[in-house]
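Inspection log for the structure reproduced underneath, given as structure tokens.
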Amino acid sequence: MLALRLSEPNFYLMDEPTNHVDIAGQERLEAEILAHQATCVIVSHDRAFVQALATRYLLVEAGRIAEIYAPDAYYRSLT
């Protein structure tokens, strides 16, 4: 991850980036992405992390992809 960060990317493709990372590490990652104004594609179950970073949401379901305006209704459907 350090080598990646040193190259100052403007695009991140992340699959569950907050797994096995403590809260301080999650906050640093979030701050870094926001500070660099990087474009991200994030696959995550960490709702707080996603909502802190996301400006657009894509739902992949049953082999289809659709843009949704906010994930709240989808999250409610899971419970």
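In this view, Gln26 and Thr18, Val21, Asp46 satisfy the side chain to side chain contact (heavy atoms under 4.5 Å, CB included) rule, not counting sequence neighbours. Here Ala54 pairs with Val50, Tyr57 under the side chain to side chain contact (heavy atoms under 4.5 Å, CB included) rule; sequence neighbours left out. Residues satisfying the side-chain hydrogen bond (donor to acceptor under 3.5 Å, both in side chains) test with His45, not counting sequence neighbours, are Glu16. When the side chain to side chain contact (heavy atoms under 4.5 Å, CB included) test is applied to Ala66, no partner is found at least two apart in sequence or on another chain. Scanning for salt bridge (charged side-chain N to carboxylate O under 4.0 Å, His left out) contacts around Glu61 gives an empty result, with sequence neighbours left out. Residues meeting the salt bridge (charged side-chain N to carboxylate O under 4.0 Å, His left out) test with Arg56, sequence neighbours left out: Glu67. Applying the side-chain hydrogen bond (donor to acceptor under 3.5 Å, both in side chains) criterion to Glu27, with sequence neighbours excluded, gives no partner residue.
Cluster annotation: Leu29 is connected to Leu34 through the hydrophobic network of ILVMFWY side chains, with a link wherever side-chain heavy atoms come within less than 4.5 Å.
Between Asp15 atom CG and Ile42 atom CD1 the span is 11.0 Å, to the nearest 0.5 Å. A distance of 4.5 Å separates CD in Glu32 from OH in Tyr12, rounded to the nearest 0.5 Å.
Ile33 and Cys40 get closest at one heavy-atom pair: CG2-SG, 3.4 Å.
In Asp22, the CG atom is crowded: over 12 heavy atoms of neighbouring residues, nucleotides or ligands sit closer than 6.0 Å.
Looking only at side-chain heavy atoms (C-beta outward), Leu53 and Glu30 come within less than 4.5 Å of each other.
Through chains of ILVMFWY side-chain contacts below 4.5 Å, Val60 is grouped with Leu58, Ile65.
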